[in-house]
Structure formats: structure tokens, C-alpha cells
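The next block holds one structure in the form of C-alpha cells; read it before the comments.
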Amino acid sequence: MPIYALVDGNSFYASCQIAFQPELINRPVVVLSNNDGCIVAANSIAKNLDLTHTPANSLGSGGYRAASPSSMMFQPFFKVAPLLKKYNTAVFSSNYELYADMSQRMHNISAQFAFRQEIYSIDESFLDFTGLPKENLESHAIKLKQRVFQWIGIPVAVGIGHSKTQAKLANHLAKKQANGVLDLTQMQTSTLHALYKQVKVKNIWGVGRQLSQQLTEQGIETAYDLIKCDPKSLRKRFSVNIERIALELNGQACLSFHESPANKQNIVSSRSFGQNVTEFSVMREAVSSYVATAAEKLRKQHGTCQAVTVFITTPPYQTRLPQYRNQYTLPLIYPTDSTILLTKIALRALQHIWQPGYQYQKASVMLSNIQNKTSLQTDLFAPNPQYSGNPKSDRLMKTLDKINQQMGKNTLQLASSGLQKNRWKMNRNLISKRYTTNWQELLTVKAN
DNA sequence: TCTGGGGTCCTAGGACCC
DNA sequence: TCTGGGGTCCTAGGACCC
């Protein structure tokens, strides 16, 4: 039987901020989404703030009542700002450069504790503990937790189980444990089942809002209820996913372990604007920029794509404004990774859907039909390829990427994505320093 | 005049994840 | 004034093939 651990950074973005400002440890701390739109991370103090104390009119029509402590998450910032201020909350714009670097450090430390690691997200990794001495798994995990905290100041929780779903569940429960670690593999079946009886289905990995409602309606309310069902009948009544979840909870691993990340099948670059966009020339610039970002990612995984989708929308929440949203996909005859060609195609798609007279809030670019560049099918009848597989284009793109990597993003860019950035760039008014990736923003330490 | 059965591929939409 | 971004997998239905 395999044994997996899940290591997860607690309130990761908030913890990254606190790591560099330890004086925040006893204050509520929240981190905002792009554009300072809504709350995407909160330390436990902030999660426990009572939203019901906010004046009703500042929480929209009819007032708002908190359903649970973590309902702080995904609240629009402007609605809860007065409450946050009242509680002396430290509020940060998201600083992905900082979080990505801290993430790498956290994953590197975790990796030292197992032969195999699967990096699952910015703040989570699975470790393969199979073959380690079974009775010591818990102390092994405690060492890991201590080392991460000592080295980079990030608190983590570790859950251990016979499947990924079990490890996830153990991690969820570990956060309530004093030592932040929980090993389900050494537990008596009766103890495990008693534990499962306390876990609501909505807290199981893979069960979201819809499924938990459907399950509950059929009398399956806890993890225990789920494992007591016949897996085949679960598949019939719900889906293969639920069957798999039940098996995994029973300790039968169905989801495999992936050491190296798979290449993306789709690459999206999508962003809300700092202010609504009304002019085509400004929208054009934003779309060009997003293409550049997506194409750079594409080349990083040595891929080419064969379709480009552009999507634009007005703000869905501002219902007083006339609403419009549309998308258009253009296929390419030959696969490419050239920012120049992809920009041309994307702008053509934008032309198709652009309607003047609206206030646009957001645009997205998606590259799809991605294939590996090295295994490309060549077309016998293709004219001399102008962009992909063309040595001149390849050299140009390589140079572009190299310069931007060494000198900073957007050092070199197409003119079409350039001149009026302040008309659409996102707001990040409350951003912290990039303590670990920028020489100008290192932490200053004073000796008195 | 009658008109089966089995299969693949593609796409759109839904549900989920962090 | 102000509400994120980036993915995956599964399923159902239609087109098409033999």
C-alpha cells in the first residue's frame, strides 16, 4: 500500500507577508486578488472576524450575514474595507513574485523529506512516504514542519494517508491538531471511522457545492456514509469521480503520483483592467500584452499552438451598465509559437467581437491545441513556414525571451502592446516589497 | 419497400480544484 | 468608485464512419 503525505502552507499568501513583518502575527492579515478586487487569503484571526458587525448598508442591499467564519474569503474588498479597518487589519495587494519565490523555497525543503514529490499547487505538495518506517511517519512530518518554519517562517500542516484523498483529508484535520500533523495510516479502523463520521462530505477533496448537495439529499452526509456505499452504485447514481473518492477514502489509491508537471493543454492569460476600457486602441493593447504573456509560457514548455481565443466582457456585477460579453476562436493552419503571428491572429479575433459603446472590464486570451514542438507533424505541401519552425523566427523569439528574463518583464515587447498601459493596467495599491527577488527591496535590518 | 449496430472524434458545458 | 486568475476532467450529444 502506498503512503502519501500532503504538505500545505497555512493561509499561504498571508503567511508570506507575515514572514517578513512578524509584528503582524497578532493582527488580522488579508491578501487581495488582482486589482485589489476581493479577499483571497486571510490568516486565522482575519477569518474569525465577525462580518455581521459591519453596518448593513456597506454590505450591499439587505445587509449580509456571515454563514461561517471563513466567509471572509472572496468578499469584495470595498464592501468589507470599513470592517477590516475597524479591526486594524493589515491589507495587502497580491505580490505573486514574492509568493512564487517563497513557494519554491517551501517545496524545496519539503522535497528533502521524501524520494518523490508532486508539486500540486503554489502552496501544496504531495510527498511519497512509501517505504519509510511506518511508526515514525508522524515524527518525520513534525521535523519537516519545524524545518520549513525555521528556515522560511511559513507554518505548514501535514496529513498522511494511503491515498491522495486520504492525505488531503488528514491535512484538513491536521490543521485542528496541536502539532499540525495527522497520520491516518497508523489508526485503528474503528478510530478512523469515528473520525470519518465527523467529516461532512463538502469537506472532502473533489466534492464541491453541487455534489455535496446531491449527496446530502440522498442521505450521504459524512465521509463515513460515503465509504459505506457500494462504489459501483455510487458510479451509477453520481459519477465515476464519486466512486473514486469513496475508494480513495477507503485507502485504495486511484489517483496516481506525478513527479514532473505535465505540459499545459491550454494556456490562458486573463486580467481585469484597473479602469473600464472603452476605446478599441486601448483594448488592442491589453490583448496584445496578454498574448505576449501566454506565448512566453507556451515557449517555456516547448509547445506550439493551433488556435487562439479572445474573450471580452463588461463588468458582470455592475448591472446598471449595459452588458456585453463575447468570445471568438480563430484556428491556425500551421502550429506556431511566435508572439508576432499570435498577436496578429488575436487582434483579428478581437475585431470580430468588439462592439463600441460598452465599458469593458476584462479581456482574456487562450492558446489551445497545444502540441510539443519537437514532435510536430510537418506538412509536405506547406509553403515555406513564415513563423513556426522557421529558424529566423525561432531565433527572434529566443532572444526576446532571454532579454525579458534577464532584464525584466516587458523590456522588449511589440509596439502593439505598448503605449497607453496606464489606461488598463491593474491596481495594486497595497503591495508589499519583493523581499526575496529584488535587490532594491531587500529587508533592512538595523542594529541599535 | 425496407433501413442496424457499433464505434470514434469533437465540442460545449458543467463541476471541481487552488 | 470598487467583485481574481488559471487550470483539469467528465459527460452528453452530434457528426461521421464502416
Side-chain angles (χ1 to χ4, degrees), chain A residues 6 8-13 30-41 58-60 64 72-82 84 91 93-96 99-100 103 118-126 164-165 168 171-172 201-215 235-236 238-245 254-256 258 261-276 290 293-294 297-298 301 306-307 309 311 313-321 327 329 331 359 361-370 426-430:
Chain A
L6 180 74
D8 169 308
N10 301 344
S11 314
F12 185 67
Y13 298 169
V30 300
V31 177
L32 306 178
S33 65
N34 276 340
N35 240 345
D36 296 343
C38 58
I39 294 175
V40 292
S58 71
L59 283 174
Y64 177 86
M72 180 61 78
M73 299 291 276
F74 300 105
Q75 287 296 318
F77 173 52
F78 75 93
K79 284 192 183 174
V80 289
L84 296 176
V91 182
S93 301
S94 43
N95 187 341
Y96 286 104
Y99 310 148
S103 164
E118 174 182 335
I119 294 174
Y120 177 66
S121 75
I122 193 161
D123 68 335
E124 289 174 49
S125 71
F126 288 103
K164 285 181 165 179
T165 308
K168 278 289 260 189
N171 181 282
H172 170 75
V201 285
K202 68 168 185 191
N203 291 319
I204 299 170
W205 188 41
V207 179
R209 241 186 40 222
Q210 304 293 327
L211 279 174
S212 76
Q213 197 189 330
Q214 287 177 39
L215 287 165
R235 186 185 198 136
K236 250 194 192 151
F238 302 99
S239 72
V240 62
N241 293 319
I242 297 287
E243 179 193 24
R244 211 141 49 194
I245 288 167
C254 305
L255 303 169
S256 49
H258 304 281
N263 285 333
K264 304 288 179 220
Q265 298 171 35
N266 298 294
I267 294 175
V268 174
S269 177
S270 165
R271 212 118 0 232
S272 304
F273 308 129
Q275 55 194 92
N276 289 345
Y290 299 172
T293 305
K297 275 193 200 164
L298 178 67
Q301 70 170 47
Q306 223 169 334
T309 304
F311 170 89
T313 181
T314 54
Y317 301 104
Q318 292 174 45
T319 42
R320 291 179 313 258
L321 290 176
Q327 59 181 327
T329 302
Q359 297 201 34
Q361 174 239 10
K362 178 177 177 174
S364 314
V365 170
M366 178 162 88
L367 308 181
S368 47
N369 276 358
I370 293 178
M426 65 178 170
N427 303 317
R428 291 157 101 192
N429 297 323
L430 302 162

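All chains are named by letter (A, B, ...) in the order of the sequence lines, taking the proteins before the strands, and each is independently numbered beginning at 1. Values in this document were obtained by computation on a predicted structure and should not be read as measured data.
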Query - Gap between atoms CZ and P, on A/Arg428 and C/dT3 respectively (whole Å) - result: 17 Å
Requested in this report: Taking the side chain as every heavy atom from C-beta outward, state whether A/Glu124 and A/Leu6 have any atom pair closer than 4.5 Å.
Outcome: yes
Query - Of A/Val240 and A/Pro315, the one whose closest DNA chain C nucleotide lies more 5' - result: A/Pro315
**Report entry** Short side-chain N/O contact from A/Ser239 to OP1 or OP2 of C/dC10, under 4.0 Å
**Finding:** no
Query raised in the report: Quantified in whole Å, what is the C1' atom distance between nucleotide C/dG4 and nucleotide B/dC17?
Result: 15 Å
Query raised in the report: How would you label the contact of A/Leu255 with the nucleic acid (heavy atoms, under 4.0 Å): base, sugar-phosphate, or nothing?
Result: nothing
Report task. Describe the nucleic acid contact of A/Leu32 in one word from base, sugar-phosphate, nothing, applying a heavy-atom distance below 4.0 Å. Result -> nothing
Query raised in the report: Has A/Gln214 got a side-chain N or O lying under 4.0 Å from the OP1 or OP2 atom of B/dA15?
Result: no
**Report entry** Any side-chain heavy-atom pair of A/Lys297 and A/Lys264 under 4.5 Å
**Finding:** no
Query raised in the report: Quick one: is A/Lys202 getting a side-chain N or O under 4.0 Å of the B/dA15 phosphate, OP1 or OP2?
Result: no
Report task. Could you walk me through whether A/Leu211 and A/Asn241 pass the side-chain contact (heavy atoms from CB on, under 4.5 Å) test, one step at a time? Result -> CA-CA 10 Å; A/Leu211 279 174; A/Asn241 293 319; 5.6 Å; no
Query - Protein-nucleotide distance (A/Ile242, atom CD1; C/dC10, atom C1'), rounded to Å - result: 12 Å
Query raised in the report: Roughly, in whole Å, what's the span from CE in A/Met73 to C1' in B/dC18?
Result: 10 Å
**Report entry** Considering all heavy atoms, the nearest A/Ser256-A/Glu118 contact
**Finding:** O-OE1, 4.0 Å
Report task. Name the closest nucleotide to the A/Lys297 side chain, picking from C/dC2, C/dG4, C/dG6. Result -> C/dG6
Report task. Quick one: label A/Ser94 by what it contacts on the DNA or RNA (base, sugar-phosphate, nothing), any heavy atom closer than 4.0 Å. Result -> nothing
Query - side-chain contact (heavy atoms from CB on, under 4.5 Å) assessment of A/Met366 paired with A/Phe311 - result: CA-CA 8 Å; A/Met366 178 162 88; A/Phe311 170 89; over 6 Å; no
Report task. Using whole Å, report how far CZ of A/Arg209 lies from C1' of B/dC16. Result -> 12 Å
Report task. Over 60° means perpendicular and under 30° means parallel, so classify the ring planes of A/Phe126 and A/Trp205, tilted if in between. Result -> tilted
Query raised in the report: Quick one: which of B/dC17, B/dC16, C/dT8 gets closest to the side chain of A/Tyr120?
Result: B/dC17
Query raised in the report: Between C/dG4, C/dG6, C/dC9, which nucleotide gets closest to the side-chain atoms of A/Arg271?
Result: C/dG6
Query raised in the report: Of the nucleotides B/dC16, C/dG5, C/dG4, which has the atom closest to the A/Lys362 side chain?
Result: C/dG5
Requested in this report: Report which part of the nucleic acid A/Gln275 touches: base, sugar-phosphate, or nothing (heavy-atom distance under 4.0 Å, all strands).
Outcome: nothing
Report task. For the side chain of A/Gln318, starting at C-beta, report the closest nucleotide among C/dT3, B/dC16, C/dG7. Result -> C/dT3
Query raised in the report: Considering only side-chain heavy atoms of A/Gln265, which listed nucleotide, C/dT8, B/dC18, C/dC10, is closest?
Result: C/dT8
Query - Distance, rounded to the nearest Å, where A/Tyr99 contributes OH and C/dG5 contributes P - result: 15 Å
Requested in this report: Select one nucleotide: of C/dC2, B/dA15, C/dG7, the one nearest the side-chain heavy atoms of A/Lys264.
Outcome: C/dG7
Query - Nearest-nucleotide pick for A/Tyr317, side chain only, options being B/dC18, C/dG7, C/dT3 - result: C/dT3
Report task. Report which part of the nucleic acid A/Asn427 touches: base, sugar-phosphate, or nothing (heavy-atom distance under 4.0 Å, all strands). Result -> nothing
**Report entry** Distance below 4.0 Å between A/Asn266 side-chain N/O and C/dT8 OP1 or OP2
**Finding:** yes
Report task. Answer whether the closest heavy-atom distance between the side chains of A/Val91 and A/Leu430 falls below 4.5 Å. Result -> yes
Query raised in the report: Among residues 33-41 of chain A, which residues get a heavy atom nearer than 4.0 Å to DNA chain C?
Result: A/Ser33, A/Asn34, A/Gly37
Query raised in the report: For the residue pair A/Tyr99 and A/Phe12, what are the closest heavy atoms and their distance?
Result: O-CE2, 3.7 Å
Requested in this report: Measure the distance from CE on A/Met366 to P on C/dG5 and round it to the nearest whole Å.
Outcome: 16 Å
Report summary line: Distance col, row A/Asn427:CG vs A/Ser272:OG, nearest 0.5 angstrom, shows 10.5 Å
Report summary line: A/Leu367 CG to C/dG5 C1', in whole Å, measures 15 Å
Report task. Go through the steps for A/Asn263 and A/Ile370 under the test side-chain contact (heavy atoms from CB on, under 4.5 Å), then give the verdict. Result -> CA-CA 9 Å; A/Asn263 285 333; A/Ile370 293 178; over 6 Å; no
Query raised in the report: How would you label the contact of A/Arg244 with the nucleic acid (heavy atoms, under 4.0 Å): base, sugar-phosphate, or nothing?
Result: sugar-phosphate
Report summary line: Considering only heavy side-chain atoms of A/Gln210, the closest of C/dT3, B/dC16, B/dC17 is B/dC16
Report summary line: A/Ser93 meets the side chain to side chain donor-acceptor pair (under 3.5 Å) criterion, sequence neighbours left out, with A/Asp36
Query - Shortest side-chain distance from A/Ser272, nucleotide among B/dC18, C/dT11, C/dG5 - result: C/dG5
Requested in this report: Applying side-chain contact (heavy atoms from CB on, under 4.5 Å), run through A/Leu32 and A/Val40 and close with a yes or a no.
Outcome: CA-CA 5 Å; A/Leu32 306 178; A/Val40 292; 6.0 Å; no
**Report entry** Distance in angstrom units between A/Arg235 CZ and C/dC10 C1', rounded
**Finding:** 11 Å
Query raised in the report: Base, sugar-phosphate, or nothing: which does A/Leu211 touch, judged by heavy atoms less than 4.0 Å apart?
Result: sugar-phosphate
Report summary line: Per-residue pairing states of DNA chain C in dot-bracket (Watson-Crick or G-U under 3.5 Å; . unpaired, | other strand) read ....||||||||||||||
